Structures are given as C-alpha cells and as structure tokens.
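As the structure is a computational prediction, the values presented were derived from the model and not from experiment. Whatever order the structure lists them in is the order used to number ligands and atoms, beginning at 1.
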Amino acid sequence: MQADTPTTLRPGLRPRLIVVMGVSGTGKTTFATALHEALGWPWQDADPLHSAASRAKMAAGIALDDQDRAGWLTRCHDWLARQAARGEGGILACSALKRRYRDRLGLGLPAPWQPIIIHLCASPAQLAERLTQRTNHFMPASLLPSQLATLEPPQPDELAWSFDATAPVQATLTHVLARLAALPDTGQAGSQPTPQQDMAAWDIITPAP
Ligand SMILES: Nc1ncnc2c1ncn2[C@@H]1O[C@H](COP(=O)(O)OP(=O)(O)O)[C@@H](O)[C@H]1O
Ligand SMILES: O=C(O)[C@H](O)[C@@H](O)[C@H](O)[C@H](O)COP(=O)(O)O
C-alpha cells in the first residue's frame with residue numbers, strides 16, 4: 001500500500017531499528033510494509049529467515065521450539081546489526097514471541113540502535129478468522145493456540161508500544177509516526193529512549209480511524 005504520510009515528519013526522524021512483533025496473523029508483514037513505504041527504511045520479513053526445516057515443520061502443523069528458533073533469531077539479529085552498521089535503520093517483521101527472543105534481537109547493539117518494539121494484538125477469534133481466510137501462506141491456522149500460549153507481551157522495561165491490530169493500518173501508521181517523531185534523539189552514545197514512553201506495557205493503543 002502507499003502510505004499517505006505527511007512528508008514533514010520524515011526529515012526529523014533519524015533512522016532507527018523497529019521490530020513489528022505479534023503472533024501469526026496480527027498483521028506484521030502488512031504493517032512493516034506500510035512503515036517501510038512511509039519511512040523509506042529497509043524492511044525484512046523474518047519468515048524467509050527460518051530454516052527450510054522449520055518452515056516445513058510449521059506447514060505440517062507442528063509448533064517450533066526454542067531450539068528451532070535459535071538460528072533464526074541469530075539471522076534476524078544479524079540483519080538488524082547490519083542495518084545499524086550501515087546507519088540506514090530497518091524494520092523487521094518478526095513474531096518475537098518471548099521476552100528472551102526480543103532480548104536476543106537487540107543483543108550487543110549500541111543504545112541508539114536498540115530496537116523499538118511495535119506489538120500488534122488481536123483477539124484469538126479475530127486472528128482465527130484472518131488465518132482461515134489467508135490461503136497463500138505456509139502457516140496453518142491450527143498453530144494459533146500454540147502461538148498465543150507462547151506469547152509473552154512486552155514488559156514495562158522494554159521500549160515497546162502495543163497496538164490494536166484490527167485498527168486500520170493507516171490509523172496505526174499515523175500514530176506510530178507521531179510517536180517516533182516525539183522520541184528523544186538518541187543519536188549520542190549512552191542515551192536511550194524511555195521504555196514505554198508515557199504508557200504502561202499492558203496498555204493497548206487503539207488509534208482513531
Ligand atoms: N489492520 C488490519 N486490518 C484488517 N486486516 C488486516 C490488517 N492487517 C493485516 N490484515 C490482514 O490480516 C492477514 C494477516 O496479515 P499479515 O500481515 O500476513 O500478518 P502476519 O505477518 O502477522 O502473519 C492478511 O490477510 C492481511 O491482509
Ligand atoms: O516463531 C514462530 O513460531 C514463527 O515465527 C511464527 O511466530 C510465525 O508466525 C510464522 O513464521 C508464520 O509467519 P506469520 O507470522 O507471518 O504468519
């Protein structure tokens with residue numbers, strides 16, 4: 001989609017790393033693409049970074065475990081690290097279901113490049129409906145319960161914003177761009193944005209359409 005983003009927001013935004021997280025079907029790919037189109041920062045879907053064996057496992061309806069995800073998280077981390085080293089910023093659409101997975105993604109990155117987490121949330125019923133309708137994807141709807149059971153939502157000390165994944169993409173995009181513009185500049189080494197900014201970790205933002 002082509003995002004209708006006020007161009008005035010872009011010059012003030014220094015490149016950052018963003019991880020769009022959530023269980024299958026929350027709209028990570030959709031939203032990461034929209035962010036990429038609005039900001040111009042490169043984006044990467046984490047799905048192709050899974051091993052062929054992991055993709056086959058999920059396609060067969062078997063949930064991944066920590067061991068399956070270890071190499072994948074390393075590849076996701078390495079993509080983020082590369083984008084930081086290039087100074088380009090980057091947007092990663094990655095389920096990042098557990099706290100330690102998200103910590104792995106940011107491991108060793110300098111403070112100004114610690115990823116901002118955008119967590120997309122929806123009810124199990126809404127997600128089940130979406131996944132049942134999505135036909136061109138290896139991930140079966142039958143894995144939704146295990147995804148939800150594995151999910152550890154962001155905690156207060158994480159730099160994370162949670163959004164209602166059923167809000168229109170454009171509304172969430174506008175909200176996220178405004179939040180990014182309001183972040184303190186963390187260009188100097190040692191300074192870091194405040195986790196959660198002005199909200200509790202469990203607050204879910206529902207942007208007005
Ligand atoms: N904000 C939204 N409102 C309605 N449908 C959406 C929204 N975001 C994504 N979708 C739809 O939900 C389905 C899953 O989206 P997708 O981006 O593939 O999710 P994920 O990458 O998290 O699995 C797709 O059919 C997509 O078009
Ligand atoms: O760690 C996992 O179990 C996977 O990353 C999983 O969370 C992800 O959902 C699938 O890769 C399907 O991809 P979509 O999230 O795009 O449906």
Side-chain angles (χ1 to χ4, degrees), residues 1-5 18-38 43-77 79-80 91-105 115 117-154 161-177 204-209:
M1 73 170 259
Q2 183 55 53
D4 178 21
T5 307
I18 296 182
V19 174
V20 183
M21 69 158 281
V23 301
S24 183
T26 43
K28 301 180 295 294
T29 304
T30 306
F31 192 68
T33 308
L35 262 183
H36 159 71
E37 288 174 357
W43 86 284
Q44 171 72 45
D45 201 315
D47 282 351
L49 300 182
H50 278 298
S51 67
S54 288
R55 283 200 299 277
K57 200 172 167 181
M58 288 187 274
I62 305 165
L64 302 183
D65 57 27
D66 287 350
Q67 206 181 330
D68 296 319
R69 293 182 180 118
W72 170 67
L73 288 167
T74 298
R75 289 187 285 280
C76 289
H77 166 273
W79 185 82
L80 291 169
I91 302 154
L92 179 71
C94 174
S95 53
L97 297 175
K98 295 187 186 181
R99 168 64 191 261
R100 64 176 177 277
Y101 297 169
R102 297 189 290 277
D103 288 347
R104 174 70 187 92
L105 292 177
I117 308 290
I118 295 179
H119 178 210
L120 300 177
C121 326
S123 74
Q126 286 162 330
L127 292 169
E129 191 184 335
R130 272 190 194 177
L131 289 178
T132 307
Q133 281 169 9
R134 190 175 67 171
T135 50
N136 58 345
H137 201 287
F138 64 84
M139 185 75 167
S142 62
L143 280 180
L144 181 59
S146 85
Q147 292 271 295
L148 291 164
T150 306
L151 175 68
E152 296 171 3
W161 303 321
S162 297
F163 283 93
D164 176 356
T166 63
V169 173
Q170 184 59 50
T172 306
L173 182 62
T174 302
H175 206 102
V176 166
L177 292 175
I204 296 175
I205 305 167
T206 305

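- Every atom of ligand 2 with a heavy atom of Ser95 under 4.0 Å away is listed here by number and element: 1 (O), 2 (C), 4 (C), 5 (O), 6 (C), 7 (O).
- For the ring-ring contact (aromatic ring centres under 6.0 Å, His included) condition, the pairs that include at least one residue of residues 46-73, sequence neighbours left out, are His50-Trp72.
- Set against the non-hydrogen atoms of His137, the atoms of ligand 2 under 4.0 Å away are 12 (C), 13 (O), 14 (P), 16 (O), 17 (O).
- The main-chain N or O of Leu73 is never found under 3.5 Å from a side-chain atom of Arg104 such that the two would form a donor-acceptor pair.
- Between the side chain of Lys28 and the main chain of Leu92, no donor-acceptor pair closer than 3.5 Å is present.
- The shortest N or O to N or O distance between Trp72 and ligand 2 is not below 3.5 Å.
- Applying the side chain to side chain donor-acceptor pair (under 3.5 Å) test to pairs two or more places apart or on separate chains, those with a residue in residues 51-62 are Ser51-Ser54, Lys57-Asp68.
- Some N or O of Gln147 is nearer than 3.5 Å to an N or O of ligand 2, by distance alone.
- Glu129 places none of its side-chain heavy atoms less than 4.5 Å from the side chain of Thr132.
- Residue contact annotation: Arg134 has a non-hydrogen atom under 4.0 Å from ligand 2.
- In this structure, atom 17 (O) of ligand 2 lies nearest to the protein heavy atom Ser24 OG, 2.6 Å.
- Counting protein heavy atoms only, atom 1 (O) of ligand 2 is closest to Arg69 NE, 2.6 Å.
- Near ligand 1, Val23, Ser24, Gly25, Thr26, Gly27, Lys28, Thr29, Thr30, Arg130, Arg134, Ala165, Ala167, Val169 each place a heavy atom less than 4.0 angstrom from the ligand.
- Side-chain N or O atoms of Glu152 include one that pairs as donor or acceptor with a backbone N or O of Arg99 at under 3.5 Å.
- Minimum interatomic distance between Ala32 and Ile91 (heavy atoms only, all atoms of both residues): CB-CG2, 3.8 Å.
- Protein heavy atom in closest approach to atom 15 (O) of ligand 2: Lys28 NZ, 2.7 Å.
- Applying the side chain to side chain donor-acceptor pair (under 3.5 Å) criterion to Thr166, with sequence neighbours excluded, gives Asp164.
- Taking the side chain as every heavy atom from C-beta outward, Leu151 and Met21 approach each other to under 4.5 Å.
- In this structure, the protein non-hydrogen atom closest to atom 16 (O) of ligand 2 is Asp47 OD2, 2.9 Å.
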